[in-house]
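Down below is the structure, laid out as structure tokens.
Position 1 is the first residue of the sequence, and the numbers go up from there.
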Amino acid sequence: RQAVDGSSSLRAMGAARTTWRAAVGAVGVGAAWLAAMAYAVHHAYRIRLYAIETYGYVIHEFDPWFNFRATKYLADNGWHAFFHWFDRMSWYPLGRPVGTTIYPGMQITEVIC
């Protein structure tokens, strides 16, 4: 049933405007999310490069030195020796059973590549 004053067509136009506003709002939310992610990725990248930009290409912390030594040990001694290696230079004075306390993905990838 249609009203004499044309109110149903006004309702239809109002619904179209609401749909349009919802679409624009969704695009705005998507654009804001994308901008926030781009901002986060950019600053994460800048934080990771801070030491290189400030001090140059030098390994600065202990953990990268261990990973470097572990990669070299794997390359020099092989898979079996690596997983049975007891490293007396780390976790001083106790040492470290490398085969049971390491995630070797980085070392294996480096030796293979």
Side-chain angles (χ1 to χ4, degrees):
R1 195 180 205 198
Q2 187 173 0
V4 178
D5 62 356
S7 63
S8 65
S9 63
L10 291 175
R11 276 192 219 121
M13 286 180 14
R17 272 193 216 138
T18 304
T19 305
W20 183 80
R21 286 182 184 156
V24 169
V27 169
V29 168
W33 181 85
L34 185 62
M37 289 298 109
Y39 178 83
V41 167
H42 171 75
H43 283 285
Y45 184 74
R46 299 294 301 162
I47 288 168
R48 294 297 292 167
L49 288 181
Y50 175 76
I52 292 172
E53 291 172 351
T54 305
Y55 304 108
Y57 294 98
V58 177
I59 297 176
H60 297 285
E61 302 295 332
F62 177 75
D63 192 47
W65 280 114
F66 170 77
N67 288 324
F68 174 75
R69 285 188 321 102
T71 304
K72 185 163 175 34
Y73 189 90
L74 177 60
D76 293 344
N77 299 302
W79 181 274
H80 182 74
F82 179 74
F83 284 103
H84 292 90
W85 175 34
F86 189 84
D87 183 20
R88 299 192 189 286
M89 293 180 65
S90 60
W91 292 1
Y92 183 82
L94 302 174
R96 178 180 184 178
V98 175
T100 59
T101 62
I102 191 171
Y103 296 108
M106 181 179 63
Q107 288 83 13
I108 292 170
T109 302
E110 182 61 29
V111 169
I112 290 172
C113 293

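Remark: L74 CG to F83 CZ distance equals 7.5 Å, nearest 0.5 Å. In this structure, the separation between NE2 on H84 and OG1 on T100 is 10.0 Å, given to the nearest 0.5 Å. Interatomic distance, CG of D87 versus CG of L94, reported as 12.5 Å (0.5 Å rounding). The distance from atom CZ of F66 to atom OH of Y73, rounded to the nearest 0.5 Å, is 11.5 Å.
Atom OH of Y103 sits in a sparse spot, with 12 or fewer heavy atoms from other residues, nucleotides or ligands closer than 6.0 Å. Atom NE2 of H43 is surrounded by more than 12 heavy atoms from other residues, nucleotides or ligands within 6.0 Å.
Between A70 and I102, the shortest heavy-atom distance links the atoms CB-CD1, 4.3 Å. The nearest pair of heavy atoms linking F82 to P104 is CE2-CB, 3.9 Å.
Note: F68 and W65 have perpendicular aromatic rings, judged against thresholds of 30 and 60 degrees for the angle between ring planes.
Checked against Q107 for a side chain to side chain contact (heavy atoms under 4.5 Å, CB included), the options V98, I112, T71 give a single hit: T71.
Between P93 and R88, the closest side-chain pair of non-hydrogen atoms is not below 4.5 Å. Between W85 and R96 there is no side-chain heavy-atom pair separated by less than 4.5 Å.
Transitive grouping of hydrophobic side chains (ILVMFWY, heavy atoms separated by less than 4.5 Å) brings Y45 and I52 into a common cluster. Residue I108 is not grouped with residue M106 when hydrophobic side chains (ILVMFWY) are merged at heavy-atom distances under 4.5 angstrom, including chains of intermediate members.
Counting only distance, with no hydrogens or angles, the side chain of H42 and the backbone of A38 share no donor-acceptor pair below 3.5 Å.
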